[in-house]
Every structure is written in structure tokens, then in C-alpha cells.
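Written below as C-alpha cells is the structure these notes are about.
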Amino acid sequence: MILKQKFYQRDTLKVAKELLGCILVRKLSPVKSPQDGVAKGEFNRVKPKIIKAVITETEAYKGKNDLASHASRGRTPRTELMFGEAGRAYIYLIYGMYHCLNIVTEKKDYPAAVLIRGVEIIGSPTSKRKSDFPKLNGPGKVCREMKVDKKLNGWDLTKGEKIWIERGIKISPKDIKKAKRIGVDYAKHCKDYLWRLSLISK
DNA sequence: AGATTGATCCAT
DNA sequence: TGGATCAATCTG
């Protein structure tokens, strides 16, 4: 079952927690030439290609007072999406090289999103590097493997096209680890919030 | 530990 | 318009 806007339009911490165990699905269209996130050599793919992955790690970015959030400096062309409709993709380029995938949460005009930090690929990984799958730790690797880049920025994840999230396995609260978010040392007191949630691997 | 890499944002 | 700053990752 595809997660609808109602799922995303709630408290960000709750969404971040419930996304663990859900299935991130990426559907790639057939292509006749190198384009749209198609790996080198993937010419003339005649059938759609589906990549599925269990979400194993998320981070919450919630409200203007969260100094770790891009939205803490208010509305800008870039952060406008975080103020917009829940269930949209907010994707940005980081360090000039890597993309990060976030899902917008909460009500309109309240800036918040959940960053997808880690997944386990179920379907068909394209990377040749064995270390890159099936477990992917790090938002940059997630996007590389799932062919997510800024072309999908603003995409509606509730439509069930190109990219969406499905309800997955039920997760027990005791299997969820809370920790400080990564790479937000600049965020004063907010850096210590335990807003990084991950599945304890067994 | 250091290099990489470019969009973004704020101060000139 | 410049320049610091990044929700990171890879080497060594």
C-alpha cells in the first residue's frame, strides 16, 4: 500500500519513526539513450526497472527553530519545498557531489522533512562494488543507488509514479535506536537532539 | 587526516 | 559579486 499524504502530514518524529521498515520504491522508465540517471552502459532498456529498498535509517528536521534544518533561516528558493505540501521529495546536492533525499512532512507552511539516511536494497542493485549493497549507510549512497537526483526535486511521492514509499514490515519500538544527527555540529543546542532513528540490525 | 566539488546564502 | 559553508564519501 502506497503511503498517502495523510501519513506524511503528521509530526515529523512520528513519521521518521514509522518510515523505518517501509519500502522505498524507484521505477525507472525505459530509455533509448543515456539520460535520466541511467548508468553508463544502460542503453536501450526496454522494460521499466524497479528498485526496492527497506528504509533502515532516517533523520528528522523539524520547524524553523531547528538550527540543523535548512529551513532555520526562513523561506528561500531552496527551502520553499520544506514549507510546502507533505509527501513531496526535497532533494539537494551536498558537498558538490552527493544528493540527499528528504520527504516533506507536517502541515503546509510548517517547514519539516525526513532525511532518508540508510536503506537495504531488496531488488536489483546496479553497483558493481560489493560493499555498496545490500546495506547502504549514508544518504549520498542511497541516492546514487536509487538513481535519485535533483530532477526528482518536488516530486509527489503519493502518486505512485517514478518514486514512492509503501508500507512495510512492522517495527517494534525496542528495535529502534535513537541517536544524535550526523554532520550538524554547527546547530548549537539542536545538535544534541536524538532525531536520528535507525533499525537495530540483528 | 585530506581531497573532492558546486549550489546556496549572506556579507560586502 | 565574492567567499565561506555545507544533512558526504572516498581514499590513504
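So you know, we letter chains A, B, ... as the sequences are listed, proteins then strands, and number each from 1. Scope of the values below: all heavy atoms of this structure, side chains included, with no hydrogens, waters or symmetry mates.
- Ion pairing of A/Arg196 with A/Glu57 is present here, as a side-chain N (NZ or NE/NH1/NH2) and a carboxylate O approach within less than 4.0 Å.
- As a whole-Å value, the separation of A/Asp185 CG from C/dA8 P is 11 Å.
- Figure legend: A/Lys151 and A/Trp155 shown without cation-pi pairing, the cationic atom not lying both under 6.0 angstrom from the six-membered ring centre and within 45 degrees of its axis.
- With respect to the salt-bridge test (charged N to carboxylate O, under 4.0 angstrom), the residues A/Asp109 and A/Arg75 qualify.
- Separating the CG atom of A/Asp149 from the P atom of C/dA8 is a distance of 18 Å, rounded to the nearest angstrom.
- The phosphate of C/dT9 has neither OP1 nor OP2 within less than 4.0 Å of any side-chain N or O from A/Arg144.
- Where A/Gly96 and A/Arg78 meet DNA chain B, the nucleotide closest to each residue was compared, and A/Gly96 sits on the side nearer the 5' end.
- Atoms CD1 (A/Ile182) and C1' (C/dC6) sit 15 Å apart, rounded to a whole Å.
- In this structure, OH of A/Tyr90 is placed 14 Å from P of B/dA7, rounded to the nearest angstrom.
- Because its NZ or CZ atom is both nearer than 6.0 Å to the ring centre of A/Phe7 and within 45° of the ring axis, A/Arg10 counts as a cation-pi partner of that residue.
- The separation between A/Leu93 atom CG and B/dT4 atom P is 17 Å, rounded to whole Å.
- Taking 4.0 angstrom as the limit, A/Lys150 places none of its side-chain polar atoms (N or O) nearer than this to OP1 or OP2 of B/dG6.
- At whole-Å resolution of the value, CG in A/Leu136 and P in C/dA8 are 15 Å apart.
- A/Arg117 comes within 4.0 angstrom of the backbone, heavy atoms only, and of no base.
- The aromatic rings of A/Tyr193 and A/Trp195 lie tilted to each other, with the angle between the two planes from 30° to 60°.
- For the pair A/Asn137 CG and C/dT9 P, the interatomic distance rounds to 9 Å; values are reported in whole Å.
- Closest to the A/Pro77 side chain, of the nucleotides B/dC9, C/dT9, B/dT5, is B/dC9.
- When rounded to the nearest whole Å, the span between NE2 of A/His70 and C1' of C/dT5 equals 11 Å.
- Across all strands, A/Thr76 comes closer than 4.0 Å only to sugar-phosphate atoms, never to a base (heavy-atom distances).
- Nucleotide B/dT5 has no partner under the Watson-Crick or G-U criteria, as no pair reaches both atom distances under 3.5 Å.
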